Amino acid sequence: MLDLKAIRERPQEFEKRLKSRDPHFSVNVVLGLDGRRRDLLQDVEKLKHQRNQASDEIAKLKSQKKDQEAQQRIQEMKAISDRIKSLDAELGHIETELNDLLVRLPNLPHESVPVSMNKADKRLVREFKAKPKFDFKPRHHLEVGEALGLLDFTRGARIAGARFPLYKGWGARLELGMIQFFWDFHFTETGYVPILPPYLGNSQSMFAAAQLPKFKDDVYYIEKDDLYLNPTAETLLCNLHRDEILDGADLPLKYMGFTACFRREAGAAGEEERGLIRMHQFNKVELFKFTDPESSFEELEGVVHDAEKVLQALDLHYQVQLLPTGDMAGQSAKTYDLEVWIPSQNRYYEVSSCSNCTDYQARRGNIRFRPGTDAKPEFVHTLNGSGLATSRIMVAILETNQQSDGSVVVPEVLRKYVGTDLLRPK
RNA sequence: GGAGGGAUGGCCGAGCGGUCGAAGGCGACGGUCUUGAAAACCGUUAGGUGAAAGCCUCGGGGGUUCGAAUCCCUCUCCCUCCGCCA
């Protein structure tokens with residue numbers, strides 16, 4: 001959510017910067033509604049002031065036993081009270097309209113973000129290692145996985161449906177091993193506080209994190225209980241301090257959450273995304289920070305580095321991209337993607353998205369901090385980044401570390417968790 | 001799932017439908033005293049919106065009323081008991 005007051009004060013700036021990610025945005029529609037709202041508010045507040053004064057008077061008259069006069073005032077106030085009711089109703093309509101508009105506006109992009117609606121206009125920041133070379137044609141991870149008996153999509157589909165994964169044997173150990181490694185790494189090496197949150201969130205939580213109202217069709221919804229399945233732990237961790245005033249001295253707060261993530265992926269399909277690339281359910285360790293406004297962009301660089309360290313430990317080729325305005329999630333002011341190399345497809349896939357959402361989610365969730373003892377509360381900044389999602393990492397490991405005999409070398413850091421250094425064909 | 005009880009400021013806890021945005025206590029902050037500290041005493045201490053006056057907020061929403069923390073309806077959460085269950 002954007003600051004309406006700021007829009008009122010700097011309309012040209014908002015018009016320009018919001019158009020860079022939403023070409024249909026018009027600041028005049030917002031300001032028009034806001035103007036009507038403020039006019040009405042003045043009228044209704046004057047009447048309420050009258051009512052409050054009259055209430056006091058009536059109370060006094062009654063205590064002085066001047067019932068006649070009191071009765072007269074009460075009669076007078078009936079008309080004012082009715083007028084307040086009708087104005088309040090009108091005001092309510094305008095506020096609903098204005099609010100519906102505001103909650104759908106994306107965050108203001110940071111100056112450093114490339115301005116373009118074209119997703120291809122991302123900017124390469126840096127890369128790690130060279131692309132792996134093979135003296136044979138690298139096979140698709142489904143082939144590799146099948147030969148090793150790691151995955152069983154047929155039975156996964158029987159149990160739940162298409163695009164639900166089923167890991168088996170060493171595949172299950174590899175999956176869990178990655179999770180444990182990420183979990184340990186971010187606890188001991190990068191210092192995040194581990195959180196195992198609920199996997200379901202209520203609509204308030206979904207709203208604060210900006211999953212609602214825009215992405216209603218992308219999340220699983222349990223109507224009977226009015227609860228949503230976690231699409232990413234960002235959504236859950238964002239609500240850890242909803243409606244709280246944090247102590248400024250405690251910032252930044254660094255959390256990591258491990259959850260399964262559930263996404264409907266309506267409309268997504270395609271040959272390229274066969275296998276583990278895009279699924280309705282996947283596992284992820286998520287990094288999340290609450291910071292003050294001054295240090296949030298610096299802290300974002302930290303999140304990116306923390307996520308990168310995991311990829312480096314796994315010894316995988318990846319690149320860091322700065323996304324353009326048109327490709328960022330609505331809540332984000334600046335986003336870096338980490339993309340890992342997938343040999344069989346000769347392309348990169350996103351394995352981590354690290355964003356600074358500035359005060360956008362904080363406003364929606366009313367998450368504040370007090371800078372000093374007597375200072376007014378201010379909105380925190382929220383940051384998130386995957387650290388990491390496992391499924392595409394498994395793809396990268398299976399494909400990058402495959403050998404001509406069909407075996408796959410387990411990355412060194414995972415061996416103690418997986419329990420073997422080499423996955424051999426059945 | 002059933003039956004009952006509750007939700008008030010950072011925390012605890014009062015509050016006959018009428019000067020209640022809310023007593024009192026604790027905590028925190030400032031001061032007096034002290035070489036310093038503690039104790040004692042005095043004072044300050046919710047948030048939102050607004051340039052301000054003001055308006056709004058006693059779990060959320062709705063209603064009754066001239067007027068609601070207080071009455072009614074509804075939802076959420078917490079506690080106790082019963083049932084079921086990993």
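First the proteins, then the strands, lettered A, B, ... as listed; each starts at 1. These figures come from a predicted structure and were not determined experimentally.
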Give the ring-plane orientation class for A:Phe164 versus A:His280, where under 30° counts as parallel, over 60° as perpendicular and anything between as tilted.
tilted
Starting at [atom1] of [X] and ending at [atom2] of [N], how long is that distance when rounded to a whole Å?
X        : N     : atom1 : atom2 : result
A:Ile367 : B:G47 : CD1   : C1'   : 16 Å
A:Leu41  : B:A51 : CG    : C1'   : 15 Å
A:Glu9   : B:G50 : CD    : C1'   : 12 Å
A:Asp250 : B:G10 : CG    : P     : 16 Å
A:Ile74  : B:U65 : CD1   : C1'   : 10 Å
A:Arg37  : B:G50 : CZ    : P     : 8 Å
A:Asp225 : B:U76 : CG    : C1'   : 13 Å
A:Lys85  : B:C66 : NZ    : P     : 8 Å

Give a yes or no answer on whether the side chain of A:His381 reaches the backbone of A:Asn356 with a donor-acceptor pair at less than 3.5 Å.
no
Can you confirm if the aromatic rings of A:Tyr255 and A:Tyr192 lie within a centre distance of less than 6.0 Å?
no
Aromatic contact between A:Phe297 and A:His110, with the criterion being ring centroids under 6.0 Å apart: yes or no?
yes
Which whole number of Å gives the distance between the [atom1] atom of [N] and that of [M]?
N     : M     : atom1 : result
B:U57 : B:C20 : C1'   : 13 Å
B:C58 : B:U70 : C1'   : 10 Å
B:C56 : B:G67 : P     : 12 Å
B:C75 : B:G1  : P     : 13 Å
B:A37 : B:G30 : P     : 11 Å
B:G9  : B:A46 : P     : 13 Å
B:C85 : B:G5  : P     : 28 Å
B:U45 : B:A39 : P     : 22 Å

Measure from the side-chain heavy atoms of [X] and tell me the nearest of [options].
X        : options             : result
A:Ala59  : B:U65, B:G18, B:C55 : B:G18
A:Ser55  : B:C66, B:A46, B:G50 : B:C66
A:Glu45  : B:G50, B:G47, B:A53 : B:A53
A:Pro377 : B:G50, B:U64, B:G48 : B:G48

Under 4.0 Å, heavy atoms only, any strand: does [X] hit a base, just the sugar-phosphate, or nothing?
X       : result
A:Asn52 : sugar-phosphate
A:Lys48 : sugar-phosphate
A:Lys46 : nothing

5' precedence on RNA chain B between A:Gln50 and A:Glu378 (nearest-nucleotide basis)
A:Glu378
Start at the 5' end of RNA chain B and walk down; is the nucleotide closest to A:Ile245 or to A:Gln75 reached first?
A:Ile245
Is it true that the NZ or CZ of A:Arg364 lies under 6.0 Å from the centre of A:Phe207's six-membered ring and within 45 degrees of the ring axis?
yes
Can you see if the side chain of [X] gets near the phosphate of [N] - specifically, an N or O under 4.0 Å from OP1 or OP2?
X        : N     : result
A:Ser81  : B:G67 : yes
A:Lys5   : B:G50 : yes
A:Arg370 : B:G47 : yes
A:Arg8   : B:G50 : yes
A:His49  : B:C55 : yes
A:Asn366 : B:G48 : no
A:Arg51  : B:C55 : no
A:Lys78  : B:C66 : yes

Identify the nucleotide, in any strand shown, that forms a Watson-Crick or G-U wobble pair with [N], with both distances under 3.5 Å; if there is none, say none.
N     : value
B:G50 : none
B:C77 : B:G6
B:C16 : none
B:A37 : none
B:G83 : none
B:C29 : B:G43

Identify which one of A:Arg36, A:Arg37, A:Arg38 satisfies the salt bridge (Lys or Arg N to Asp or Glu O under 4.0 Å) criterion when paired with A:Glu95.
A:Arg37
For atom NZ of A:Lys216, decide whether the heavy atoms of other residues, nucleotides or ligands shown that lie under 6.0 angstrom number more than 12.
yes
Quick one: which of A:Trp170, A:Phe282, A:Tyr167 gives a side-chain contact (heavy atoms from CB on, under 4.5 Å) with A:Glu175?
A:Tyr167
